[in-house]
Amino acid sequence: MDFKSRVVGIQKWIDKSYYREENRFNKEKLFEQEYLNFQIDDCYNYMENVVGKTRVDIFKILYSTYSQWKIELDKLNIPFYLGVWIYNPRLPKSEIVCAIGKEKIEYYQKNALIWRQQKKKLLM
């Protein structure tokens, strides 16, 4: 499937609100595996930028998912990691990631920090 067709499929998925099942906060799964993540699409093979309505819609879904998960995590009253990992140019691969438990929190904090440091080196 070419990139344009993939983006059309993502937009249809968004327009039909199919993501609402996938981005739902799942407390039981979180406690079982100590992490949750949500991404729009695993488009590893595509390096093109997503533009227009699809780009805006992806950011809206990421923001609303982050906001919903933050509310649910705050209710648990335990330490947690919650992050938005934006991939550019692979925007559909961007993720909302959360973790609980000391080891998982440290793991995700460390990985997010390593990624930021690598990006900073690439920009210099």
With the side chain counted from C-beta on, respond yes when F38 and I61 share a heavy-atom pair under 4.5 Å apart, and no when they do not. yes

Do you know which two heavy atoms are closest between Y81 and Q109, and how far apart they sit? CD1-CG, 3.7 Å

Where Y87 and S94 come nearest, the two heavy atoms and their spacing: N-OG, 2.9 Å

When you measure from the side chain of T65 to the backbone N and O of N23, does any donor-acceptor pair fall under 3.5 Å? no

Hey, mind stepping through F59 and T54 against side chain to side chain contact (heavy atoms under 4.5 Å, CB included) and telling me if it holds? CA-CA 9 Å; F59 276 110; T54 304; over 6 Å; no

As an exercise, state the distance from CD of Q11 to NZ of K16, rounded to the nearest 0.5 Å. 12.0 Å

Are the side chain of E95 and the backbone N or O of V97 linked by a donor-acceptor pair below 3.5 Å? no

Transitive ILVMFWY side-chain link V8 to V51, under 4.5 Å: no

Transitive ILVMFWY side-chain link V50 to Y63, under 4.5 Å: no

Rounded to the nearest 0.5 Å, how far apart are NZ of K93 and CD1 of I58? 13.0 Å

Quick check: is L36 connected to I71 through a chain of hydrophobic side chains (ILVMFWY, heavy atoms under 4.5 Å apart)? no

How long is the gap from CG on N26 to CD on E72, to the nearest 0.5 Å? 11.0 Å

Quick check: closest heavy atoms across W69 and R24, and the distance to 0.1 Å? NE1-C, 3.9 Å

Kindly compute the distance separating NZ (K104) from CG (L30), expressed to the nearest 0.5 Å. 10.5 Å

Pair E106 + K110: basic N to acidic O under 4.0 Å: no

Compare all side-chain heavy atoms of I40 with those of W13 and state whether any distance is below 4.5 angstrom. yes

ILVMFWY network linking L91 to V56, side-chain heavy atoms under 4.5 angstrom: no

Smallest separation among heavy atoms of Y19 and I14, with atom names: CE2-O, 3.6 Å

Do the side chains of K102 and Y107 get nearer than 4.5 Å, heavy atoms only? no

Using 0.5 Å steps for rounding, measure from the CD1 atom of I96 to the CH2 atom of W85. 11.0 Å

So, are E32 and K29 salt-bridged, with charged N and O less than 4.0 Å apart? no

When you compare the side chain of D74 with that of L76, does any pair of heavy atoms fall below 4.5 Å? no

Using every non-hydrogen atom in the two residues, find where C98 and L73 come nearest and quote the distance to one decimal. CB-CD1, 3.8 Å

